[in-house]
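Side chains included, hydrogens not; waters and symmetry mates left out as well; all remaining heavy atoms used.
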Amino acid sequence: MVPLSALWLPTVLSAVIVFIASSIMHMVLPYHRSDYQPLSDEDKVLAALRAAGLKRGLYMFPFSTHKDMKSPATIEKFKQGPVGILTIFPSGPVAMPKFLGMWFAYCLVIGFFVAYLTGRTVTPGAPYPAVFRVAGTAAFLTHGLGHLSNGIWRGQPWGVTLKEVFDGLIYALLTAGTFAWLWPH
């Protein structure tokens with residue numbers, strides 16, 4: 001067993017490496033540029049949403065309760081479409097520093113749990129592949145597989161979801177490599 005205090009460096013360094021890699025993957029490499037589509041007649045749609053007075057939150061449309069889902073009126077609304085989920089952020093410029101800070105904190109949390117699991121299951125001085133396997137699996141479960149629920153429940157296009165899973169695999173490999181490299185002997 002390896003104490004968490006002995007794993008602070010790979011925990012923090014893996015978060016930094018994943019943060020940098022994700023920045024490169026999203027800002028430099030072109031494969032995420034097609035993830036989002038513009039609204040057709042955006043000005044008209046935005047004016048209608050403003051007029052509806054939507055507050056920050058998650059909206060589903062057409063909305064129905066479980067009780068009403070089988071009513072003819074609700075079924076007709078679903079047939080007519082559109083059907084979707086809408087996320088409304090607070091008005092104002094995109095708070096990129098806040099989002100990046102939260103993303104880095106998330107990477108640290110993942111690093112902490114990777115350290116916890118790997119430290120409890122891999123002995124000090126274990127060979128690189130043994131550490132890599134456990135740390136990589138733990139990191140992929142969080143960075144990669146968690147995105148599949150967006151394709152299942154949120155209606156996210158599977159192409160976007162699979163790109164996110166691929167990104168998660170890269171982040172997991174980087175995390176695993178960091179932990180295996182800095183594993184206590």
Side-chain angles (χ1 to χ4, degrees), residues 2 4 7-40 42 56-61 81-89 93-122 126-183:
V2 177
L4 282 172
L7 299 174
W8 70 268
L9 183 58
T11 299
V12 173
L13 188 58
S14 67
V16 169
I17 290 169
V18 167
F19 184 86
I20 291 168
S22 70
S23 297
I24 292 168
M25 292 166 77
H26 284 86
M27 292 188 291
V28 177
L29 301 179
Y31 73 101
H32 277 292
R33 293 189 185 140
S34 63
D35 289 356
Y36 295 95
Q37 308 300 317
L39 292 167
S40 48
E42 181 179 283
R56 178 181 185 219
L58 191 61
Y59 298 87
M60 180 173 238
F61 55 92
V83 176
I85 296 174
L86 177 67
T87 303
I88 300 293
F89 292 99
V94 175
M96 194 55 76
K98 175 185 171 187
F99 291 142
L100 291 172
M102 290 170 45
W103 168 242
F104 183 71
Y106 178 68
C107 291
L108 282 173
V109 169
I110 289 174
F112 172 82
F113 282 101
V114 168
Y116 174 79
L117 180 66
T118 310
R120 296 299 176 266
T121 58
V122 180
Y128 187 99
V131 177
F132 190 93
R133 186 178 318 110
V134 174
T137 300
F140 184 62
L141 288 170
T142 54
H143 278 303
L145 295 183
H147 295 288
L148 293 175
S149 65
N150 291 334
I152 296 167
W153 293 107
R154 301 268 183 212
Q156 179 172 287
W158 281 104
V160 174
T161 301
L162 293 176
K163 285 189 266 184
E164 290 176 343
V165 171
F166 174 76
D167 291 351
L169 176 62
I170 300 300
Y171 305 156
L173 294 172
L174 292 169
T175 300
T178 304
F179 272 84
W181 167 47
L182 297 172
W183 196 249

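Proximity of Thr161 to Leu148: side-chain heavy atoms (C-beta onward) are separated by under 4.5 Å at one or more points. The shortest distance between side-chain heavy atoms of Phe19 and Leu100 falls below 4.5 Å. Looking at Thr178 and Phe132, their side chains never come closer than 4.5 Å, going by heavy atoms from C-beta outward. Residues Phe104 and Val16 have side chains in contact (heavy-atom distance under 4.5 Å, counting atoms from C-beta outward). Taking 4.5 Å as the limit, some side-chain heavy atom of Thr11 sits within range of a side-chain heavy atom of Phe179.
Taking CD1 from Ile85 and CD from Gln156, the interatomic distance works out to 10.5 Å, rounded to the nearest 0.5 Å. The distance from atom CZ of Phe112 to atom CH2 of Trp8, rounded to the nearest 0.5 Å, is 15.5 Å. Taken to the nearest 0.5 Å, the CG atom of Asn150 stands 6.0 Å off from the CD atom of Glu164. Taking OG1 of Thr175 as the reference point, atom CD1 of Ile170 lies at 11.0 Å (rounded to 0.5 Å). Of the inter-residue distances, the one linking His143 atom NE2 with Leu141 atom CG reads 11.0 Å to the nearest 0.5 angstrom. The structure places CE of Met27 at 10.5 Å from CG of Leu29, a figure rounded to the nearest 0.5 Å.
Closest approach of Gly144 to Val165, counting heavy atoms only: O-CG2, 3.5 Å. Across all their heavy atoms, Ala21 and Leu174 have their closest contact at CB-CD1, 3.5 Å. Closest approach of Ala172 to Gly136, counting heavy atoms only: CB-O, 3.6 Å. Residues Leu7 and Pro10 approach most closely at O-CD, 3.3 Å, considering heavy atoms.
A donor-acceptor pair is defined here as one N or O able to donate and one able to accept, closer than 3.5 Å; no such pair exists between the side chain of Thr118 and the backbone of Ala115. The main-chain N or O of Ser22 is found under 3.5 Å from a side-chain atom of His26 such that the two form a donor-acceptor pair. Here the side chain of Arg120 pairs a donor or acceptor atom with the backbone of Val2 at under 3.5 angstrom.
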For Asp167 and His147, what are the C-alpha separation, side-chain angles and deciding distance, and is it a side-chain contact (heavy atoms from CB on, under 4.5 Å)? CA-CA 10 Å; Asp167 291 351; His147 295 288; over 6 Å; no
Walk me through whether Ile17 and Tyr171 qualify under side-chain contact (heavy atoms from CB on, under 4.5 Å). CA-CA 8 Å; Ile17 290 169; Tyr171 305 156; over 6 Å; no
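With sequence neighbours excluded, no residue forms a side chain to side chain donor-acceptor pair (under 3.5 Å) with Trp181. Here Thr142 pairs with nothing under the side chain to side chain donor-acceptor pair (under 3.5 Å) rule; sequence neighbours left out. Taking the ring pair (Phe, Tyr, Trp, His ring centres under 6.0 Å) definition, one finds that Tyr106 meets it with Trp103, sequence neighbours left out.
Environment of CZ in Arg56: sparse, with no more than 12 heavy atoms of neighbouring residues, nucleotides or ligands closer than 6.0 Å. The environment of CZ in Phe99 is crowded: more than 12 heavy-atom neighbours from other residues, nucleotides or ligands sit within 6.0 Å. In this structure, Phe61 places its CZ atom where more than 12 heavy-atom neighbours from other residues, nucleotides or ligands lie under 6.0 Å away. More than 12 non-hydrogen atoms from other residues, nucleotides or ligands lie less than 6.0 angstrom from OH of Tyr31.
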